[in-house]
Amino acid sequence: MQKRFKAKIDKIIKYTDEVRLFKLKPLSPPPSFKPGQFLHLAIDDYDPSFGWPESRVFSIASSPFETDETIDIIVSKKGYFTNRMMSELSEGNIVWIKMPFGDFDFNKSRERNTILIAGGTGISPFIPFLKSLSGIDLNRKKIILFYGVRNEKLIIIDKLLKELDLSLKNFEFKLFVEKNCILKRVICEKGILNIEKIHRYSMSLELPIFYISGPPVMIHNFKNFLLDKGIQKEDIIIDEWE
Amino acid sequence: MHEKIRKEILNLTKEYYYKKFINTKPDTKRVKYAGRVFDEKELINLVDAALDFWLTEGRFTEEFENNFAHYLGVKSAILVNSGSSANLIAMTSLTSHLLGEKKLEKGDEVITAAAGFPTTVAPIVQNNLIPVFIDLELGTYNVKIEELKKAIGPKTKAIFIAHTLGNPWNIDEVIRIARENNLFIIEDNCDALGSMYKNKLTGNFGDIATFSFYPAHHITMGEGGCVVTNDEILERALRSIRDWGRDCYCKPGESNTCGVRFSKKYGNLPLGYDHKYVYSHIGYNLKATDLQAAIGVEQLKKLPSFIKKRKENFNLLYNGLLRYKDVFILPKATENAEPAWFAFPITIRDNAKFTRNEIVKFLDKSHIETRNLFGGNLTKQPAFLNIEYRTVSDLKNTDIIMNNTFFIGVYPGIDSNQIEYVLSKFEEFMDVYNAKKV
């Protein structure tokens, strides 16, 4: 069930000037949520007499089963609100959250070959799902992550990818870095996400299901490409925002 | 500054409560069958909600829904403005397109009881479905399992029955039959909040359960009700039907909760039509206000003590009336059940030489409130004379209930002195009756 509650900004991790991870510590017990769901964050105080203040949606980037109990979001500076977040919010500040919402869930992936396509901060909804894979269900079908970022600083989940690569025989990832791939914290290649190549790869899998998360233009183009190639509409699940 | 004034107002509210409701001598002479039981906290919460002046659902609604779901151990609780509204959206949700082929359609049948409250049956009729009435057992006032089995036909799709007066039906059997026949189950739990079956609260067994918070019930908001479910698809349908039938799930006063308010295409509407005004169900507006929810938040905290008192009162009455079991059918808990009794039902046996009206009139003159078991036999009510329905028996017990059953109160506002008074009046009536017999 959804709930509104205050949260303290426990930590802010700066990846670049435009991208930060906010770790939020709820000040009252938060509701449970499923991987793929999102929350609303409000910077201003919530006064019940005047209704919910302005807020924005963010995919929840932490696992519902994690023990440190922070709720994580990845914020990319894009417009007025995210600019406010970057300039006004510091560790220790209080914000208001309402959550969870959304249907971008991974139920269908349980029995299907799964292709995850993440562009930039679009990796967020996949993070709790990927974390839930650790150590379970080795007979699961294949899961492949195609993850594209602009530069290496934006590879947020390199440790998790390495862990999963070592521990799960059915997990594979392909990481693309637009600018270059020098540091090699994790195996990556120079380039961008290419839906044609992804689709060609998927043809070796039986009845794959596609999850796409990232910039709206990317989602729109990738989805249309797959539909044109005969992939069923219900087998393409997108995490889209205005 | 306004926070300081708010605090003063709430403190004065507390003072008002003690002066108005405690220091004023109550009318203990009349033994009501039901009523509100509250202290200063409900009044304070109500005033607190009023001072928000957030007139529709708000923080108290959210708090109540979360706490109620937690109490029952269910995933979702949806507040509505009455138990009848809860029943209406519960039944209607089973006709939702979201259920695909499983949805109920015009002419499908729903098994229910004729001896009960009209707004358990009305939603069946209102959704163009056919009620199939089954008879009840006397004493437990719950489903005759053999009749339930016989009632199932090719068009039967659901069971929608109340736990009569707080006594759970034989849940194991009903669930087994329902699952074997792919039937949905709606538990009408309006009179049974806090009742248990095999150590699990009722409201947890069906696909959907409904609750009422009218003042006669276990907790009150004045007017209020709730629907609960563990099924996400049903939850979506329930909320939509409650909220004008809309697809949007924003809370009142909020926008773009979904994040795609102007981006999608629905039906034959133009692309980007405001999601706030997209309607995916034929619905109503059956929301409650935050004022009601504020009362409910405090009432829910008192529920364990209310249940305890109801059971105590029930036991005192039962032990006191046991000596009249040759003329009264006394209530009996279903096996494996622990009812949080709504009331104390009594059915006058055939061999009694007095009628229900005679004893009820006597009790009424003695200032003891009684009630019939709601609609009696609903097929005989004026509103239901011309509805299409099916039965598998002559509803013999339903007619007995209609003619011979009444109930008296066990609500927590009745104290032991009043129970003693009630028993003394039964004794007085029986002395008169016995004297007449001789």
Side-chain angles (χ1 to χ4, degrees), chain A residues 1-6 26 28-34 36-42 45-60 73 78-79 81-82 96-105 107 122 124-125 213 215-217 219-220 223 233-234 238-242, chain B residues 2-3 6 48-72 74-79 98 100 226 228-230 232-233 235-236 239 247-264 272 274-275 290-291 293-294:
Chain A
M1 286 204 56
Q2 287 124 25
K3 228 175 154 181
R4 286 154 220 245
F5 54 94
K6 283 188 195 175
S28 59
S32 57
F33 62 95
K34 294 186 292 187
Q37 289 192 298
F38 62 90
L39 58 80
H40 273 255
L41 181 143
D45 197 34
Y46 164 50
D47 182 336
S49 294
F50 299 108
W52 184 254
E54 188 180 10
S55 63
R56 290 293 184 274
V57 296
F58 298 97
S59 292
I60 302 170
I73 56 172
K78 284 199 170 96
F81 192 89
T82 46
W96 275 89
I97 307 288
K98 60 178 180 179
M99 62 176 269
F101 302 97
D103 299 323
F104 187 71
D105 67 54
N107 289 339
S124 300
S213 172
V217 170
I219 292 175
H220 178 77
K223 182 180 172 183
K233 193 174 155 191
E234 49 276 11
I238 61 176
D239 191 37
E240 57 174 344
W241 309 111
E242 287 173 345
Chain B
H2 59 82
E3 281 305 321
R6 188 182 198 117
D48 201 13
L51 291 173
D52 282 347
F53 208 65
W54 185 258
L55 301 171
T56 178
E57 37 164 51
R59 64 176 169 119
F60 285 106
T61 303
E62 189 174 286
E63 190 178 347
F64 182 83
E65 285 181 346
N66 276 292
N67 293 351
F68 195 68
H70 180 74
Y71 167 78
L72 287 172
V74 297
K75 283 193 183 156
S76 304
I78 299 160
L79 190 65
L98 295 175
C226 200
V228 305
T229 184
N230 287 325
E232 284 176 12
I233 293 176
E235 191 209 348
R236 175 165 289 185
R239 282 199 190 271
D247 207 61
C248 168
Y249 49 85
C250 288
K251 295 277 184 213
E254 295 172 15
S255 299
N256 204 14
T257 309
C258 63
V260 284
R261 183 176 168 188
F262 299 108
S263 307
K264 291 186 151 190
D274 187 351
H275 190 231
D290 230 32
L291 300 170

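Reminder, nothing fancy here: chain letters follow the sequence lines and each chain counts from 1.
In terms of heavy-atom pairs under 4.5 Å with chain B, the best-connected choice from A:F50, A:F101, A:Y46 is A:F101. Contact count against chain A (heavy-atom pairs under 4.5 Å) is highest for B:A77 among B:A77, B:A69, B:G58. Here B:E254 is the residue among B:R59, B:H70, B:E254 with the most heavy-atom pairs under 4.5 Å with chain A. By number of non-hydrogen pairs under 4.5 angstrom with chain B, the leading residue of A:D47, A:D103, A:V57 is A:D103.
Nearest heavy atoms, B:V228 versus B:V74: CB-CG2, 3.8 Å. What you find for A:F81 and A:L41 is that their closest heavy atoms are CZ-O, 3.3 Å.
Heavy-atom distances place no part of B:L55 under 4.5 Å from chain A, backbone and side chain included. Looking at B:R236, only its side chain comes within 4.5 Å of chain A, counting heavy atoms on both sides. Of the atoms belonging to B:N256, heavy atoms from both backbone and side chain fall under 4.5 Å from chain A. For chain A, the nearby parts of B:E65 are the backbone and the side chain; heavy atoms of each come within less than 4.5 Å. Both the backbone and the side chain of B:F262 come within contact range of chain A, judged by heavy atoms closer than 4.5 Å.
At least one side-chain heavy atom of A:P31 sits less than 4.5 Å from a side-chain heavy atom of A:P100.
Within 6.0 Å of NZ on B:K251 lie more than 12 heavy atoms contributed by other residues, nucleotides or ligands.
A:S55 contributes no side-chain N or O that, together with a main-chain N or O of A:A42, makes up a donor-acceptor pair within less than 3.5 Å. With B:N66 contributing its side chain and A:Q2 its backbone, the two residues share a donor-acceptor pair below 3.5 Å.
Between the CG atom in A:D105 and the NZ atom in A:K34 there is a gap of 4.5 Å [rounded to 0.5 Å].
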